[in-house]
Amino acid sequence: MAETAPRFSGPKRVFSGVQPTGNLHLGNYLGAIRKFVDLQEDQEALYCIVDLHAITVAQDPEALRAQTREIAAAYMAAGIDPQKAIIFHQSAVSAHAELAWIFNCVARMGWLERMTQFKDKAGKDSERASVGLFDYPVLMAADILAYKATHVPVGEDQKQHLELARDIAGKFNKDFHAEDFFPLPEPLIKGPGARIMSLKDGCAKMSKSDPSDLSRINLTDDAAMIAKKIKKAKTDAEPVPENVEGLKGRPEVENLVGIYSALSGQSVEEVLAAYGGQGFGVFKPALAELAVDKLAPISEEMRRLQNDPAFLESQLEAGAEKANAIAVPILREVKQIVGFVV
Ligand code: TYM
């Protein structure tokens, strides 16, 4: 795994973000939000709701506002404590957008042209994609570096974006002879849950944008829906294998076993030792029970919190104030380094 620049002497600081684009799912939870909860204990942590990123594709304004509150509710329902970690929405801290502009002048076209997520999201008609969608990873770099964050918990799909953030930090430091000004942020990806796949296709990642709702478990699904989706999940005619070797070439089975492992805290080997040789008529109900057990309290608490939009907004405002207090002096230093009159 990539290392933080050895000479950066600032504090260890965690930053990550989630887009308020609806359909928060099990992949978001296991790949990101659950890690956020653990990381808030040991160092300063900022968890952003990236509404500026959300508008890189068209959004309904009212839905965007509601979804922003929904992510705030999900963060808190999952166990993020606003007294320990800073929860806020990106548009409330203008340093993100300002630093992104400066980074636009540091990043190279060729770097962005290599980003696979842009190619996937823009599809064949990239001429019609917004400039913002192309620039998305530069704004991500600004999100992280506006706080000189050193560690970034994300799912596997964000790896390339994190490499770009490191490249931008390194080039800024070099171009402006500001050695070690920005840390080279370290991605925290490893662990079960880093890449949760679709319940319908073990080779496609579980995604908010999959047209089939049966492909994902949403954090807002109730117990009956979770059980139904797991029951309908794609598998094959063979029983659960007895060892890891037996998962090869069976991506859907590997995914379900991986989800069990991530939710239970058991290793994949332990899960296979318990269920190897059994049919999916046994394994799927066990997985459904486990998933309901872990997720139902979160969705219940999310629903409760969402009934109080004023409370959620007050938490976001308080978080934005704390985030601004960190980012404003850093941005001021950046402006000084770049040569702006400050
Ligand atoms: P978003 O909202 O698409 O995803 C939020 C987080 O969920 C992870 N994730 C997954 N993890 C495992 N399996 C999956 N199937 C799965 N799908 C999504 C993502 O990796 C992510 O960690 N670009 C970011 C948001 C962002 C950001 C940042 C993150 C904006 N600025 C700065 C870190 C630092 C994104 O993908 O959001």
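FYI, side chains are in, hydrogens and waters are out, and symmetry mates aren't considered; it's all heavy atoms of this structure. Indexing begins at 1, ligand by ligand and atom by atom, following the structure's order. From a predicted model like this one, the values you see are computed outputs, not experimental measurements.
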Examine [X] against ligand 1 and note whether any of their N/O atoms are separated by less than 3.5 Å.
X: Lys205; value: no
X: Met206; value: yes
X: His161; value: no
X: Glu156; value: no

[X] and [Y]: side chain donor to acceptor below 3.5 Å:
X: Thr150; Y: Lys12; value: no
X: Asp51; Y: Ser91; value: yes
X: Thr116; Y: Gln160; value: yes
X: Gln40; Y: Lys84; value: no
X: His96; Y: Asp143; value: yes

- Is the centre of the Phe36 ring less than 6.0 Å from the centre of the Phe15 ring? no

- Message: Counting the benzene-type ring for Trp, do Phe283 and Tyr260 have ring centres under 6.0 Å apart?
- Response: yes

Tell me the contacting part of [X] for ligand 1: side chain, backbone, both, or neither, using a 4.0 Å heavy-atom threshold, strictly below.
X: Leu30; answer: neither
X: Asp143; answer: side chain
X: Lys208; answer: side chain
X: Ala194; answer: backbone

Heavy atom of the protein closest to [atom] (residue, atom name, distance):
atom: atom 19 (C) of ligand 1; value: Asp157 OD1, 3.4 Å
atom: atom 18 (C) of ligand 1; value: Asn28 ND2, 3.2 Å
atom: atom 32 (C) of ligand 1; value: Phe15 CE2, 3.5 Å
atom: atom 22 (O) of ligand 1; value: Gly155 N, 3.2 Å
atom: atom 17 (N) of ligand 1; value: His25 CE1, 3.5 Å
atom: atom 25 (C) of ligand 1; value: Gly17 O, 3.5 Å
atom: atom 6 (C) of ligand 1; value: Ala32 CB, 3.6 Å
atom: atom 15 (N) of ligand 1; value: Ile196 O, 2.7 Å

- Message: Considering Lys159, Gln19, Lys35, Arg216 one by one, which has a heavy atom nearer to atom 3 (O) of ligand 1 than any of the others?
- Response: Gln19

- Query: To which of Ala54, Gly27, Ser16 does the heavy atom nearest atom 10 (C) of ligand 1 belong?
  - Reply: Gly27

- Can you check side chain to side chain donor-acceptor pair (under 3.5 Å) on Asn173 and Asp180, steps first, answer last? CA-CA 6 Å; Asn173 290 349; Asp180 309 324; 5.4 Å; no

- Looking at Phe181, does the NZ or CZ of Lys148 lie under 6.0 angstrom from its six-membered ring centre and within 45 degrees of the ring axis? yes

- Item | Test: Lys121 cationic atom under 6.0 Å from Tyr136 six-membered ring centre, within 45° of axis | yes

- Message: Within ligand 1, which atoms have a heavy atom of Val152 less than 4.0 Å away?
- Response: 33 (C), 34 (C)

- Query: By number and element, which atoms of ligand 1 are closer than 4.0 Å to a non-hydrogen atom of Val154?
  - Reply: 22 (O), 29 (C), 33 (C)

- Item | Pair Asp157-Lys205, salt bridge (Lys or Arg N to Asp or Glu O under 4.0 Å): steps then yes or no | CA-CA 9 Å; Asp157 61 344; Lys205 84 172 178 178; 2.6 Å; yes

- Query: Linking I/L/V/M/F/W/Y whenever any side-chain heavy atoms sit under 4.5 Å apart, do Ile102 and Ile337 land together?
  - Reply: yes

